[in-house]
Amino acid sequence: MTSWTAGRPGRGRRAGNPPVAGLLEALPWLEGFRGSTVVIKFGGNAMVDAGLKAAFAQDVVFLRYAGLHPVVVHGGGPQINAQLDRLGLESAFTNGLRVTTPETMDVVRMVLAGQVQRELVGLVNEHGPFAVGLTGEDAGTMTAVKRFAVVDGEQVDIGLVGDVAAIDPSLVRALLADGRVPVVSSIARGADGQVYNVNADTAAAALAGALGAEMLMMLTDVEGLYREWPASDEVIRRLTAGELAAVIPGLASGMLPKMEGCLRAVRSGVRSARVLDGRVRHGLLRAFAGPVVGTEVVPDEPVAGPVGPVPAGRSGPAAAADRVLVAAGAD
Ligand SMILES: Nc1ncnc2c1ncn2[C@@H]1O[C@H](COP(=O)(O)OP(=O)(O)O)[C@@H](O)[C@H]1O
Ligand SMILES: CC(=O)N[C@@H](CCC(=O)OP(=O)(O)O)C(=O)O
């Protein structure tokens, strides 16, 4: 059993100095979000260093202890590129989707399920036996259908790339009910028996919709959706689904599947889909405190009732969470 005086070795928790004020300040937030499912997409580009990955794992565990049901869907694009490079294979993308030959698919599966997912499961489980890794293939969680890229109005064959045709959320729900944190790799089998490479943004959005998640958080390597990328770094703070649908045809590269994912999520009942800067340490926890950081996509018609109490400013739960983490020796 953990006690404040015992602390954890090397974590710097001080005897007789429990972070009571921070915990109390977090109370309204904990009450408001209790029981909410939040799908968190952790992009490969946001996994830039070991410290950030460890902080991400802490944030996920914090949310779990706070009574939320976090579900992690991870990316790994740059990690796949690096492995393909080591093997002397080419990385090619069309509209932000990897052109996936059977040889590439083997590497995608190996890197996502065997490397990135394992690492995140290990980092979360440093804090307790929470994370369970799975891919869309497990228990038929995700069924894929071949996806074509569309270039100048024409369908382009990009190989073994899948879209999500169906989700069976029962395994993920059972894990959540058991207090676990599912960590999902975006690989799925089609009804044709073929294994497909699903973009992780697409997978996260489809899963969020099928789970009836309250929120979808996409952590990436930019502050949000830039209005005129790459010419300017002015972030669009808030978009309705209709406004986003109008912007999507003009989007390029990695932002295209991400914003399509946000649209898909809010159109399937998710109240808020956000793109956040995953390079900010504890950015996930900070995102629970207003004002909105990054870009938020909301349904055209406001959904009744609040999405948890989101207090404004630095006195909110993110600050409280910071203090808890600092008190626990995290920076
Ligand atoms: N309008 C835009 N606003 C912000 N980033 C954009 C935009 N259009 C394209 N991008 C690119 O999308 C990238 C994020 O997508 P991606 O590389 O797939 O990240 P992740 O691995 O997190 O999914 C950014 O680094 C940026 O280069
Ligand atoms: C079809 C497709 O593009 N699949 C992606 C899956 C990983 C992913 O989406 O990773 P990020 O979130 O880090 O970009 C890929 O092969 O790179």
Side-chain angles (χ1 to χ4, degrees), residues 40-48 52-53 56 72-85 89-101 103-113 115-117 120 135-136 142 144-149 156-164 184-188 195-207 216-237 239 244 247-262 274-280 283 294-295:
I40 304 148
K41 190 295 176 122
F42 194 27
N45 276 311
M47 301 174 191
V48 284
L52 269 177
K53 285 185 270 191
F56 171 80
V72 176
V73 177
H74 68 85
Q79 295 77 359
I80 297 167
N81 293 348
Q83 186 62 23
L84 287 171
D85 196 42
L89 297 169
E90 193 198 345
S91 293
F93 290 83
T94 303
N95 284 352
L97 301 171
R98 184 184 304 279
V99 178
T100 307
T101 64
E103 210 176 12
T104 310
M105 188 64 227
D106 286 344
V107 177
V108 169
R109 208 178 190 192
M110 186 176 82
V111 173
L112 292 184
Q115 184 188 320
V116 180
Q117 183 212 87
L120 293 176
T135 79
M142 235 172 248
V145 64
K146 185 173 164 70
R147 180 175 187 175
F148 292 84
V156 178
D157 190 338
I158 48 173
L160 295 173
V161 173
D163 199 351
V164 179
V184 185
S185 309
S186 57
I187 299 159
V195 177
Y196 286 99
N197 177 11
V198 178
N199 180 273
D201 299 324
T202 309
L207 192 56
L216 169 65
M217 302 279 202
M218 303 250 202
L219 273 65
T220 185
D221 66 344
V222 281
E223 290 163 68
L225 177 65
Y226 295 140
R227 198 175 293 281
E228 290 186 20
W229 185 85
S232 118
D233 60 1
E234 186 200 340
V235 175
I236 303 176
R237 292 288 167 207
L239 286 163
L244 176 58
V247 165
I248 280 179
L251 293 179
S253 66
M255 233 356 107
L256 188 55
K258 215 172 290 307
M259 299 319 298
E260 282 174 342
C262 289
R274 297 188 189 183
V275 177
L276 308 171
D277 194 340
R279 301 164 305 175
V280 175
T295 299

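In each ligand, atom 1 is the first atom listed, and ligand 1 is the first ligand listed.
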Inset, instruction - Keeping the roles fixed (side chain from Ser232, backbone from Glu234), state whether a donor-acceptor pair exists under 3.5 Å. - result: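 Checked: pair present.
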Is the closest basic N to carboxylate O distance between [X] and [Y] below 4.0 Å?
X: Arg227; Y: Asp233; answer: no
X: Glu103; Y: Arg109; answer: no
X: Lys258; Y: Asp201; answer: yes

Legend entry - Side-chain heavy atoms of Met218 within contact of Arg274, under 4.5 Å: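 They are not in side-chain contact.
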Legend entry - Residue list, salt bridge (charged side-chain N to carboxylate O under 4.0 Å, His left out) with Arg98, at least two apart or on another chain: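 Applying salt bridge (charged side-chain N to carboxylate O under 4.0 Å, His left out) to Arg98 gives none.
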Inset, instruction - Would you give the length of the straight line joining atom CG of Leu84 to atom CG of Asp106, rounded to the nearest 0.5 angstrom? - result: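 Taking CG in Leu84 and CG in Asp106, the distance rounds to 10.5 Å.
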Legend entry - Check: Asn45/Thr220 side-chain N/O donor and acceptor closer than 3.5 Å: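 Looking only at side-chain atoms, Thr220 and Asn45 do not form any donor-acceptor pair under 3.5 Å.
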Inset, instruction - Non-hydrogen atoms closer than 4.0 Å to ligand 2: which protein residues do they belong to? List them by chain and number, please. - result: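 Residue list for ligand 2: Lys41, Gly43, Gly44, Gly75, Gly76, Gly77, Pro78, Ile80, Gly96, Leu97, Arg98, Val161, Asn197, Val198, Asn199, Ala200.
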Inset, instruction - Not counting sequence neighbours, which residues clear ring pair (Phe, Tyr, Trp, His ring centres under 6.0 Å) with Phe42? List them please. - result: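 Ring pair (Phe, Tyr, Trp, His ring centres under 6.0 Å) check on Phe42 returns Phe56.
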Pairs under 3.5 angstrom, nitrogen or oxygen on both sides, ligand 1 versus protein: list them out, please.
residue  : atom   : partner : partner atom : Å
ligand 1 : 1 (N)  : Tyr226  : O            : 3.1
ligand 1 : 3 (N)  : Tyr226  : N            : 2.9
ligand 1 : 17 (O) : Asn45   : ND2          : 2.7
ligand 1 : 19 (O) : Asn45   : ND2          : 3.2
ligand 1 : 19 (O) : Thr220  : OG1          : 3.3
ligand 1 : 21 (O) : Gly44   : N            : 3.4
ligand 1 : 21 (O) : Asn45   : N            : 3.2
ligand 1 : 21 (O) : Asn45   : ND2          : 3.2
ligand 1 : 22 (O) : Thr220  : OG1          : 2.7
ligand 1 : 23 (O) : Lys41   : NZ           : 3.0
ligand 1 : 23 (O) : Lys258  : NZ           : 2.6
ligand 1 : 25 (O) : Asp221  : OD1          : 2.7
ligand 1 : 25 (O) : Asp221  : OD2          : 3.2

